[in-house]
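Just so it is clear, the model here is predicted, and its values are computed rather than measured. Lettering follows sequence order; numbering is per chain, from 1.
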Protein chains: 2
Amino acid sequence: MARAKKIPSTTVSRLSVYVRALQKLRNEAVVTTSSEKLAEQVGLTAAQIRKDLAYFGQFGVPGRGYYVENLHNELAMILGINRRWEVALAGVGHLGYALLAYNGFKKQGFDVVVAFDKDPAKIGQTWEGVKIYDIAEARHVLPECGAEIGIIAVPAASAQEACDALVAGGLKSILSFAPGRIIVPPDVTVKRVELAMELEWLSYYATNIGERG
Amino acid sequence: MARAKKIPSTTVSRLSVYVRALQKLRNEAVVTTSSEKLAEQVGLTAAQIRKDLAYFGQFGVPGRGYYVENLHNELAMILGINRRWEVALAGVGHLGYALLAYNGFKKQGFDVVVAFDKDPAKIGQTWEGVKIYDIAEARHVLPECGAEIGIIAVPAASAQEACDALVAGGLKSILSFAPGRIIVPPDVTVKRVELAMELEWLSYYATNIGERG
DNA sequence: TATTGTGAAGGAATTCACAGCC
DNA sequence: GGCTGTGAATTCCTTCACAATA
């Protein structure tokens with residue numbers, strides 16, 4: 001099933017976009033679509049969509065297009081989201097709490113099942129049905145709760161420590177909201193989301209009007 | 001000051017990273033650095049850093065490197081973050097509230113000064129010192145409060161409506177946390193952050209172990 | 001000597017364009 | 001006729017390598 005050719009990480013990111021678009025079509029009971037229509041829907045080019053899909057196989061019917069249900073299932077399987085993922089959250093400050101309560105994750109099959117913090121006032125409590133443990137206990141707690149993905153929502157200064165704790169607990173996939181580099185063993189994947197950075201990007205384009213394509 | 005050559009958007013993103021690294025060095029009272037040391041610090045190559053900077057001018061001293069303070073100021077000016085930006089927030093659910101209370105934005109000079117929602121129970125209240133207005137009032141409220149950047153933190157189904165309201169209020173730069181495309185006039189810039197998408201990216205790499213570089 | 005700034009080379013991602021299939 | 005899948009062309013981005021400089 002996995003192709004020999006190397007897959008651009010930009011392609012992987014776009015698969016998520018396609019899945020979301022297909023979910024929408026499915027909800028609207030649309031049965032078939034085309035690369036042209038999908039492109040219009042998500043704001044990319046038709047050729048790009050066909051190229052992206054071609055990395056993984058042949059899902060369309062020439063002259064007809066794609067079956068929404070079928071393509072959705074194929075892509076969900078490729079992305080590994082045709083299942084539930086249990087997620088561990090490090091840091092239940094404002095951002096962490098928002099993520100805990102955020103519906104969008106659950107809807108896509110990502111369930112926060114355990115949380116960690118350093119604050120003694122929070123440790124031992126249960127928020128939104130999720131129990132909060134001492135981050136120092138992560139190495140003991142994680143192996144027992146089945147979480148495979150970690151989310152780091154602690155201040156930058158504690159990010160490395162939090163990450164080390166999650167890795168010690170066996171996690172190999174981590175999404176970090178903390179600014180700055182985090183060092184991990186080579187078999188651990190870290191994806192960073194820097195919120196202030198996104199605003200700075202906007203600031204740049206707002207400051208340098210017209211530099212944009 | 002602005003160069004004639006077209007600047008890759010990847011370069012702009014990295015400028016933020018450099019600014020953050022330089023801030024750290026400055027806090028540690030480091031006076032000079034080099035492309036080599038910066039590269040090590042942020043996890044990129046030295047050549048890339050020099051290329052990125054070259055789009056905007058010549059900031060270094062051959063044989064010596066870069067003055068931390070100077071380079072930081074130059075980049076901050078280029079990014080337009082050598083000033084405060086007033087930000088309007090649409091949607092004060094869990095995510096919106098987290099963004100409202102998030103320190104990271106304020107630290108980098110982005111101040112949420114006004115918020116909007118549809119929920120009558122929230123309209124009129126003041127959270128974290130920020131007054132919440134009816135989103136339908138945005139076109140009247142925004143011109144008076146000076147906000148130039150908007151953040152959309154509403155559910156996907158209301159995103160277009162929220163965005164239209166912000167644009168009607170005169171905003172030209174918008175950061176959206178809602179999944180899906182938002183249609184805006186050509187002079188408005190929208191940057192999207194899709195949280196579930198980032199998790200799906202991790203899911204892919206966790207599922208297809210070893211496909212990674 | 002150490003390090004920048006940059007032209008040239010190389011690699012990656014996107015777009016084009018069309019043969020082939022339904 | 002309509003639309004996919006894909007090699008070729010193109011554009012974009014990164015890395016290399018070195019002349020120029022303090």
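In this structure, R20(B) pairs ionically with E200(A), as a charged nitrogen and a carboxylate oxygen lie closer than 4.0 Å. Ion pairing between a basic and an acidic side chain is recognised when a charged N comes within 4.0 Å of a carboxylate O; K172(B) and E148(B) show no such pairing.
Phosphate proximity of dT14(D) to Q48(B): present, with a side-chain N or O under 4.0 Å from OP1 or OP2. When the side-chain nitrogen and oxygen atoms of T10(A) are compared with OP1 and OP2 of dT14(C), one or more of them lie within a distance under 4.0 Å. The shortest distance between the side-chain N/O atoms of R14(A) and the OP1/OP2 oxygens of dT14(C) is below 4.0 Å. For the OP1/OP2 pair of dT4(C) and a distance below 4.0 Å, the side-chain nitrogens and oxygens of S35(B) include at least one atom meeting the criterion. Taking 4.0 angstrom as the limit, Y66(A) places a side-chain polar atom (N or O) nearer than this to OP1 or OP2 of dG5(D).
For the side chain to side chain contact (heavy atoms under 4.5 Å, CB included) with V68(B), the lone residue among L25(B), L38(B), T32(B) that qualifies is L25(B).
If you take CZ of R64(A) and C1' of dC21(C), they are 13 Å apart, rounded to a whole angstrom. One atom, CD1 of I7(B), and another, P of dT11(D), lie 20 Å apart when rounded to the nearest Å. In this structure, CZ of F56(B) is placed 16 Å from C1' of dT6(C), rounded to the nearest angstrom. In this structure, the CG atom of N70(B) is 14 Å from the P atom of dT4(C), given to the nearest Å. In this structure, I49(A) atom CD1 and dA13(C) atom P are separated by 18 Å, rounded to whole Å. Distance CG (D52(A)) to P (dT14(C)): 7 Å, rounded to an integer number of Å. We find that CZ of F59(B) is positioned 19 Å from P of dT21(D), with the value rounded to whole Å. The CD atom of Q58(B) sits 18 Å away from the P atom of dT3(C) (whole-angstrom rounding).
If you check the side chains of Q23(B) and N27(B), you find no donor sitting under 3.5 Å from an acceptor. For S176(A) and R192(A), the side-chain atoms include no donor-acceptor pair closer than 3.5 Å.
In terms of position on DNA chain C, the residue among V61(A) and T11(A) whose nearest nucleotide sits closer to the 5' end is T11(A). Across the interface with DNA chain C, nearest-nucleotide mapping of L53(B) and A47(A) shows L53(B) to be the residue nearer the 5′ end.
With dT6(D), dG2(D), dA13(C) as the candidates, the nucleotide lying closest to the side chain of P62(A) is dG2(D). Distance from the side chain of A54(B) is smallest for dT6(C) among the nucleotides dA22(D), dT6(C), dT15(C). Listed nucleotides: dT15(D), dT4(C), dA13(C). Nearest to the side chain of P8(A): dA13(C).
Using a 4.0 Å heavy-atom cutoff across all strands shown, R50(B) reaches at least one base atom of the nucleic acid.
No hydrogens or angles were tested; on distance alone, a donor-acceptor pair under 3.5 Å links the side chain of K51(B) to the base of dT15(D).
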